[in-house]
Each structure stands twice: as C-alpha cells, then as structure tokens.
Peer 1: 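Can you read through this structure? Questions will come right after.
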Amino acid sequence: MNITRERFKQDYEQKLMSLFTEEIDKASTLDKYLALGSLVKEYSAKNWSKTKKQYSKDGDKQVYYFSMEFLIGRLLQSNLINLGIRDTVKEALAELNVSLDELEETEVDAGLGNGGLGRLAACFIDSIASIGIPGHGNGMRYQYGFFEQKIVNGYQVEIPDNWLKEGNVWETKREDKSVIVKFYGTPKAVQNNGRLNFELENYEAIKAVPYDTPVIGYENNTVNTLRLWSAEPVTNAFNFQIFSKGEYSKAVEYRTSVEAISSVLYPDDSAETGKILRLKQQYFFTSAGIYSILRTFKNSGHSLYDLDKYVAIQINDTHPAVAVAELMRILVDEEEMGWDDAWSVTTGTLAYTNHTILSEALEKWPVQVFNKLLPRIYMIIEEINRRFVGEIYQKHPNDHDRVRRMSIIEGGMVKMAHLAIVGSHSVNGVATLHTEILVNKELRDFSEFYPRKFNNKTNGITHRRWLIQSNEELTSYITKCIGDSWKKRPKDLAQFAELSKDPLVRKRVGEIKLHNKQMLADMVKKDYDIDVDPNSIFDIQVKRLHAYKRQVLNILHIMDLYNRLKDNPDLDISPRTYFFGAKSSPSYHLAKETIKLINTVADKINNDPSIKGKLKVVFLENYRVSLAEKIIKCADISEQISTTTFEASGTGNMKFMMNGALTLGTLDGANVEIHDEVGDENMFVFGMSKDEVLNYLKYGGYSPRHFYNTNSRIKRVLDQLVDGSLGVATTEFRNIHSSLLGRDEYFVLKDFDSYCEAQERIDKVFRDKDKWNEMCIVNIGKSGRFSSDNTITEYSREIWNTSPKEIH
Ligand code: 26V
C-alpha cells in the first residue's frame, strides 16, 4: 500500500486519541504499540474484505491448513514489511519521537506451538498469502501458549504464558460465525425418507467461537484469514434449567469444563498425550473448521458432490485426522449423501502430512475413551475400517497379519495415522529422506497398498521473516549486490552464490556477521553478565530439547574440549562460544536433566580463568520465535546433530543457512538436501550413515559399553557426570549417565569421535577467514531453494490443484 509520512502521522495520532484519549508524549509504550497494531490492522482491512469478496465471487478453490499449532511469534514488523510501509512508518514515528524498534519489541509472541511443526504452519500461511493462493489457517486459540521458561539455579521452571493479558490487536472475534460442536451422547437411528440416519441425543454442546487474524501477503493485495477457535458454554434451555433448579455448582462445572478445551496448548510429550482433553481439542477445532468451510461453500451454490473441486484441506500431522470421520458424518448424516459418494468427496478433499517417524509420537486413542467422547464418529471409523479391511483381504487373501498391522482399529486402540492415510488422497513426508523412510519402512504396508498417494514435500521457511525481517544489514547488502528480485523469487539468491570468489563480497559478509555477533555479545553481557568474544566461533544449537536431537552430544564434546584445555592450557584452539536454547516438556525428565547439565558445565567453564576465555557456554533462556530472530543471524556454526533417520526434516537448519551459518550436521532430514546444494566443501558432515543406523535398529548389536571401555576421552566425560567433578551432587546426572551406558538409544557414544573430528575441522577452517566467508556466501546463495514459497508452490500444484490469484 501507499501512504505518506504526513498521512500516517495524522492517522496514528488520531488512533491513539480514539483508543486511549492520549497524546503521543503522554502515552505508554504499550499504548503506542497497541495503537500502531490496531492502525496496521485497519490498513489491511480493505484488502482483507476485497480478498474475501473476490474469492467468493470467482469461486476459486480454497485451501485450508488444519493445524493444532501455529507458532506465529510477533506480527507487527512482518505486517509492516508485507504491506510495504515499514520504512515510511519508521521515519514518521521517528519524527514523532517514537522508536518503531521499541514498539516492535513490546509485542508478545503468539507462542501457539511447540516447535518445528507449529512454526512450519506459520511459515506456510505467510507463503500462501504472499504467493497469492486462496488459503487459510484453521486452528486453536489457546488462552495459554507454550510456557515461558525461566532458568533457576540451572533448572527449567515453567511459567504460564498468559499471552492475551494485554489483548491481541490482530484478532477479530466473530461471534456471528460461531458453530456448535457436540460431544458424548447417544447416536440414535432415525428413518428419514426411507433412509437410515443417525442423530446424536443427550450430547454436550459447546460453542466454538472463531477469532480471525488477517494474513497479509508480501507486497500484493492478498489478505487471507487465520481462523482460531475458542470454546464457550452454550446458554441453552438445558443450562438455564440447571441454573433455575439452583444447581449452581453443576452449571459452574460445565462452564469450567468447556473453557478448559481452549485453555492450554499441550507440550508434545508422551506422558501427556493420553489425555482426553487433547482429543477433545482435536475434534473441537476440526469439527468447527469443517462446519465453517461448509457454510461458506454452500453460499457458493455448488453441489456438495463437487466439494473436492473447490476445497482442499491439509491436515498437519494426525492431530486433525478426525476430520476424515467428521466430514463423512456431516455428508452422510446431515447432508444425506450416500456412503460411496461421501467417501470419494472426503478423500478427494483431504490430504495428510506426516511429521515424524517416532512411534511414541504416532497418536492412538483407547477405543473406550474415543467411543465415549465421540460415539457417532467412532461408529463411522468402524465402518471405514470394515470396508478398508475388506479391501486388504481382497488384495491379500488370508494375510491376517497384514490386516492386523494396517487396521485403523487394533489392539483396543484407534490409530489416527492409519485413519489419515486411508481417508486422504495424498500422504506426504517433509524431506526426501523422511519420505523414503516412510515409504520403505514405517508405512511400507500402506505405500504398497496406495503407491500413488505417497509423495514428498520438503519443508521450507519464509525468507521474509527469516532473512528480510531479521537480518536487515545482510538483506540490504545482498540487494546491493544482486538487486531485489530475490525477495519475490527467492531462488534468485543463487546469483549471490556466484559472488563467493569476490574478495570484497567476502570481506563485507564477514563484517556483517561480526556486527551481528557483537550485538549478541552485548545482549549476553546485559542479560547474563557473561563476557563473550565476538571474534570467537559462535556455535549455536537452538531447538526443542529431545534425546534424538542430541544436545547431550554437544555438551559432552564441550566437556571433553574443556578437559583437553585443562590438561594443556596452551592448546591451540580457535576460541569458541557455545550457545544453547531449548525448552523441555515439563514432564520429560531426561530433557530437564540435560538443561541442568548444560547450565552446570556453563557455570564451571565460564568461571574458570585458567582457560583464558578460550571457551564460553551460554544457555539462552526462553527460546522462542522472537529470540530466534535475534540470534540465528549471529551463528557461525549451526548445530544440526540429530541421530540420522530421526529428524523428519528440521527447519532451523534452513534458517541458519540462509543467514550464512555453516552447518555441522548428520546426513539427516533436510540436512541431506542442504548438503546436496552446498556440497561437502561447504558443510561439516559427520556421523553414522542412514544404513548403519537402520541396520542397528533392525538387528541390534550396538554396544555403548564398548566405546566407554575403549575410548578414554569418552570414559572421562561420562565418569565426570557422576563423580562430583561438576561441583553438584553425584546423583544430578545419573539418568543421562545410565541412558548412555545402557541402551544409548540415539548412538551418542558411537558418533562421538566423528563429531569431535568434525569440530576440529571447523577449528582449522575458521582460521582462514577469507575461506570461511566464501563458504558462508555459498550457503546464503543456495538457501533460496528452502524458501517455503517453493514448498507451497509444490503443495498447490501437486496436492491442492490450486494456483495463485491476483487481488485487485
Ligand atoms: C512428538 C513427540 C511426542 C511423544 C514424545 C516424543 C516426541 C517427539 C517428537 C514429537 C514431534 C512430532 C511432530 C513434530 O513436531 N515433528 C517435527 O515437524 C517439523 C516440521 O515438519 C520437522 O521439521 C521436524 O523434523 C519434526 O520433528
């Protein structure tokens, strides 16, 4: 959009006045932020309405991305950038003595996600709008987002994330678009024009109220919608009766149980996943989303038999997989469609993305729980399964074991991944290797049965947030070198890679990195009172804390390096600063122990003058989207060290690469594709091959004890975990110790040597700054492939069958 500074200043002053009856110099920073947010939302309103109108007038196919998580972070800066008015607004505010940076810092993160899966959903809706595809997000409006992390005496402490406390300027409550979601009850068969239908009786009704947030495309006129649902009690006759009978406490109980549904985001943690409330949440936002889609669709006047020509629903992991049965239920019970037609429409509309092969993360629900909460849905799943099992027997007569393995209901459990696969026309993995493992191993039975359903869509990240927004200096420099076509066509970044031999470009890229590192060093000094040398190697591992991501491998290597420095204070190493940032699920004890270990080692090393500052370790508290935006651009080394085959994709790896960090990684997930782009010479690869890992997983035979007994460096660091040398109780790290010496499920000891050796290579190459900068430039230049714009273009061509649409 176009706006002059004068016009903006007028609008802004008026806004402050109308919202807070306050003049600029009297208003608080929060008020100034709220006024700006509200104005920016207003600026997007015209195009929001225009977009909706044009979609409905032209009858374009609409995509809906169903996700339990949208890890959005902040929106002010990205909205200003996407509207194309950030520079003007910044200058105008400066003239009013207001710092835009400060207002942007005031915004709280919308942390409605755990990690990669939720952040991917946020990148995807940004790309969908920026490419101009008619597509929207559908999810949960949690009252409390992912917890805030405090580190107290080295331990993680969780604080509730009351992110809505000061209000949310971006959302609009759409009471008029509310729908009713029904739980429990008894399905009752009714005869209707000679048809047998089912109606639910004595159910619990819950009102789903949508809150809409505009999703503003990048310098186009598209404004799509992110619709998040909140649960409210229904005030109907039944409740009124309870009240009037004086059963006050019962009525309050109902209200509390309803509000619980959208109160809190679950951490992805096995101990919690059995909770019935989570299933309630899943059905809640899925059912509400489908009702709301069908309401819009019916207004178009098209036949429901053509739903799949006009609507595509992507289900983000199995969390919304109940959509298969819910859409069937609505079509069959409420719209009176025949089963076969309904099935063809349902599978034509739905597509499923798998995000992990970890079996403990594959959702299943006890039949009893499921049947009680969603009795009609359960009946439908039984019928889907009955027919599916019939098809398997037809193809593989008497293969009972295959039927058992593939069944949707088996062993007293409802398997959501099986439901999602059977009920979708597309099943995709999120990186080439991940898809290959799904097809050949984890979901082999299914890929043999439905060979054409399976496909790969390698993840991506929005280069707008992760480069243009977060690394302004690098962005302007790239643009100075190659022009700005890359902002709309990220693959054009490849032109920057061609400059890698130019000594001036190398020097400048090195300078920009150093500036960024200096900024982080200042922040660390201010927040943690730790001195770090911006000229040291900034080696960063930030991501969820999980055993398979192997933060433990990283910290054990640091302990080993420290041992070597203690043995030989003159050891010639490139000074290093290791950064960690990670939240652990509240009940994941091993992960919490790892956080304590990192902090304990950090304390010891940072306070030991004998190593002359060659080594520093910093644990950054409360890792979240807005912190990621500040630190990723400061990395020299990006730690992507998961056990090969376990990380489905990774997306942090792409963000680091795009900002010129070099990857230290295994050939796992999307690291493989990063490696394909930059080659051995621009990445530090280590660790077991996928075949080695798969072999061990299949045949066993791995002995961590062997490494403990034969490798003195390993023995020494493991002993130090439990012998008091870290200055804390000897029991503090016993679980880590015994997990490594017991099963060492993630092959930490096996990969230890190879990891140390890769770290030594890094140490050597870093001494040649010119060479190092050349490698950074190649990484930046080759990162265009990993823009989520490319990923979304593939989804829209190969799964959704939609194309961009210009809004005018
Ligand atoms: C869930 C659970 C739950 C039980 C305990 C262990 C465990 C471990 C991981 C998960 C995460 C499941 C889904 C998920 O978040 N996958 C992530 O999706 C990202 C986006 O596709 C991808 O980049 C990450 O590699 C993948 O872990």
Side-chain angles (χ1 to χ4, degrees), residues 65 67-71 112-125 127 146 265-275 278 282 314-321 352-365 416-417 420 427-435 437-438 442 456-462 466 542-551 582-592 628 638-657 665-674 745-746 786 788 791-792 794-795:
Y65 198 79
S67 178
M68 246 194 140
E69 303 186 6
F70 285 92
L71 187 43
L112 308 183
N114 275 285
L117 174 142
R119 184 53 233 174
L120 187 76
C123 284
F124 277 9
I125 55 174
S127 283
F146 201 43
L265 164 83
Y266 273 82
D268 70 0
D269 144 283
S270 50
E272 300 278 359
T273 51
K275 290 270 175 71
R278 187 168 160 94
Q282 297 184 348
Q314 190 71 34
I315 51 187
N316 197 24
D317 217 318
T318 54
H319 318 147
Y352 157 59
T353 305
N354 174 290
H355 294 267
T356 184
I357 57 162
L358 286 181
S359 54
E360 64 268 40
L362 291 179
E363 290 188 301
K364 28 186 199 281
W365 300 103
M416 300 311 272
V427 177
N428 74 281
V430 291
T432 309
L433 175 64
H434 169 59
T435 302
I437 294 171
L438 289 180
E442 299 302 320
N456 175 251
K457 296 286 167 283
T458 297
N459 281 168
I461 55 166
T462 168
W466 297 109
V542 282
K543 51 183 77 251
R544 291 299 314 280
L545 219 144
H546 258 298
Y548 81 83
K549 292 176 187 282
R550 299 201 293 192
Q551 281 94 349
K583 289 180 184 175
S584 154
S585 279
S587 61
Y588 188 175
H589 300 294
L590 199 67
K592 288 188 140 177
S638 153
E639 297 258 1
Q640 307 300 335
I641 60 177
S642 54
T643 312
T644 307
T645 76
F646 284 91
E647 188 72 274
S649 163
T651 44
N653 47 4
M654 302 167 183
K655 294 165 197 162
F656 279 103
M657 174 195 192
T666 49
L667 286 179
D668 194 18
N671 294 353
V672 177
E673 283 147 272
I674 291 177
E745 206 179 343
Y746 297 108
F786 299 106
S788 45
T791 316
I792 287 301
E794 288 177 16
Y795 273 88

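Quantities reported herein were computed from a predicted structural model and do not represent experimental measurements. Whatever order the structure lists them in is the order used to number ligands and atoms, beginning at 1.
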Peer 1: Under 4.0 Å from a heavy atom of Ala648: give me the atoms of ligand 1 that qualify, with their elements.
Peer 2: 25 (O)

Peer 1: May I ask you to list the atoms of ligand 1 that are less than 4.0 angstrom from any heavy atom of Leu358?
Peer 2: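 Every atom of ligand 1 under 4.0 Å from some heavy atom of Leu358: 8 (C), 9 (C).
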
Peer 1: Is ligand 1 under 4.0 Å from a heavy atom in the side chain of Leu117, in the backbone, in both, or in neither?
Peer 2: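 Answer for Leu117: both.
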
Peer 1: Donor-acceptor check, side chain of Arg550 to backbone of Tyr746, threshold 3.5 angstrom: yes or no?
Peer 2: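 A pair under 3.5 Å: yes.
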
Peer 1: Does Tyr588 come within less than 4.0 angstrom of ligand 1, counting non-hydrogen atoms of the residue?
Peer 2: no

Peer 1: I'd like to know whether the aromatic ring centres of His546 and Phe646 sit less than 6.0 Å apart in this structure.
Peer 2: no

Peer 1: Quick check: closest heavy atoms across Lys543 and Ala582, and the distance to 0.1 Å?
Peer 2: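 Scanning both residues, the minimum pair turns out to be O-CB, 3.1 Å.
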
Peer 1: Are any side-chain N or O atoms of Lys592 and backbone N or O atoms of Pro586, one a donor and one an acceptor, separated by less than 3.5 Å?
Peer 2: yes

Peer 1: Need the ligand 1 atom indices (1-based, order shown) with element for anything under 4.0 Å from a heavy-atom of His546.
Peer 2: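 Selected atoms, number and element: 6 (C), 7 (C), 8 (C), 9 (C).
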
Peer 1: Under the 3.5 angstrom rule, does the side chain of Gln640 hit a backbone N or O of Thr666 as a donor-acceptor pair?
Peer 2: no

Peer 1: Do Glu363 and Arg278 meet the salt-bridge criterion of a basic N to acidic O distance under 4.0 Å?
Peer 2: yes

Peer 1: Does Arg544 use its side chain to pair, donor to acceptor, with the backbone of Gly115 at less than 3.5 Å?
Peer 2: no

Peer 1: List ligand 1 atoms under 4.0 Å from Tyr548, heavy atoms only on the residue side.
Peer 2: 27 (O)

Peer 1: Looking at ligand 1, is there an atom of it that comes within less than 4.0 Å of some heavy atom belonging to Gly650?
Peer 2: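 Per 4.0 Å heavy-atom rule, Gly650 contacts ligand 1.
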
Peer 1: If you take the nearest heavy atom of each of Thr458, Asp668, Asn459, which one is closest to atom 20 (C) of ligand 1?
Peer 2: Asn459

Peer 1: Would you check the N or O atoms of Lys549, main chain and side chain alike, for any that come under 3.5 Å of an N or O of ligand 1?
Peer 2: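 N/O-N/O distance below 3.5 Å does not exist for this pair.
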
Peer 1: Counting heavy atoms only, which part of Asp317 comes closer than 4.0 Å to ligand 1: side chain, backbone, both or neither?
Peer 2: side chain

